[in-house]
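In this chain, numbering begins with 1 at the start of the sequence shown.
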Amino acid sequence: MATDFSPEILDQLLAGGSLKPEDLAGEDGLFRRLKKALLERALGAELTHHLGYEKGDPAGRGSGNSRNGTSSKALLTDDGEIEIEVPRDRAGTFEPVIVAKGQTRFDGRAGPANSDSSLSGFSA
């Protein structure tokens, strides 16, 4: 899944003037913040797919299952530990794929918790 980012998006990410290496790769650097944001966005898209309706969509009222907040989860990545918010559903039937229940490491490679599933059907 190779995606080129537009110069405008990159400019927004890098806004603020000259950057030091720690601004990109440091403990609170862009790489870690971007990984956290992307994982949380993908998890939200997975929950939307699971429930069958977008967040805030009236179609979800009375559906028998709905969003029910988030749970905090620590993940060990190649950039160190990051804290992500994993969405929940009221019925407890949501089984995330990109970061599975019980998964504590995320290295971006397919494995038991990240098997052949893809997010190609999700649009965030």
**Prompt:** Does the Asn65 side chain pair with the main chain of Ala91, one donor and one acceptor, at a distance under 3.5 Å?
**Reply:** yes

**Fill in**
For residues 74-102, the ring pair (Phe, Tyr, Trp, His ring centres under 6.0 Å) pairs (sequence neighbours left out) are His50-Phe94

**Message:** Show, in sequence, the C-alpha distance, side-chain angles and deciding distance for Leu75 and Ile82, and conclude whether the side chain to side chain contact (heavy atoms under 4.5 Å, CB included) test is met.
**Reply:** CA-CA 5 Å; Leu75 273 182; Ile82 60 171; 4.2 Å; yes

**Prompt:** What are the two closest heavy atoms between Arg88 and Ser71, and how far apart are they?
**Reply:** NH1-OG, 2.9 Å

**Message:** Which residues pass the side-chain contact (heavy atoms from CB on, under 4.5 Å) test with Leu14, not counting sequence neighbours?
**Reply:** Leu19, Leu24, Leu30

**Asked** At their closest point, which heavy atom of Ser18 faces which heavy atom of Asp23, and how far apart are they?
**Response** O-OD2, 4.2 Å

**Asked** Above 12 or not: heavy atoms from other molecules or residues under 6.0 Å from CZ of Arg33?
**Response** yes

**Message:** Show the nearest heavy-atom pair for residues Asp89 and Asn68, with the distance to one decimal.
**Reply:** C-CB, 3.8 Å

**Request:** Taking only Lys NZ, Arg NE, NH1 and NH2, and the carboxylate oxygens of Asp or Glu, determine whether Glu27 and Arg32 approach each other closer than 4.0 Å.
**Result:** no

**Prompt:** What's the shortest heavy-atom distance between Gly102 and Lys73, and which atoms?
**Reply:** N-NZ, 3.5 Å

**Asked** Could you go step by step and tell me if Asp11 and Glu8 meet the side chain to side chain contact (heavy atoms under 4.5 Å, CB included) rule?
**Response** CA-CA 5 Å; Asp11 289 345; Glu8 294 80 18; 5.6 Å; no

**Prompt:** Should the pair Asp79-Lys36 be classified as a salt bridge under the 4.0 Å nitrogen-to-oxygen rule?
**Reply:** no

**Prompt:** On the ring face of Tyr53, is Arg67 found with NZ or CZ under 6.0 Å from the centre and within 45° of the axis?
**Reply:** yes

**Item:** Flag side-chain contact, heavy atom, 4.5 Å: Lys35 against Asp78
**Value:** yes

**Prompt:** Rounded to the nearest 0.5 Å, how far does OG of Ser66 lie from CG of Leu47?
**Reply:** 9.5 Å

**Message:** Could you report the tightest heavy-atom contact between Glu85 and Ser72, atom names first, then the distance?
**Reply:** OE2-OG, 3.5 Å

**Request:** Mark yes when over 12 heavy atoms from residues, nucleotides or ligands other than Lys55 sit less than 6.0 Å from its NZ; otherwise mark no.
**Result:** no

**Message:** Within this structure, what is the CD-NE2 distance for the pair Glu54 and His49, rounded to the nearest 0.5 Å?
**Reply:** 12.0 Å

**Request:** Could you walk me through whether Leu43 and Thr70 pass the side chain to side chain contact (heavy atoms under 4.5 Å, CB included) test, one step at a time?
**Result:** CA-CA 10 Å; Leu43 287 164; Thr70 61; over 6 Å; no

**Request:** Please name the pair of heavy atoms, one in Ile98 and one in Phe106, separated by the smallest distance, quoted to 0.1 Å.
**Result:** O-CE1, 3.6 Å

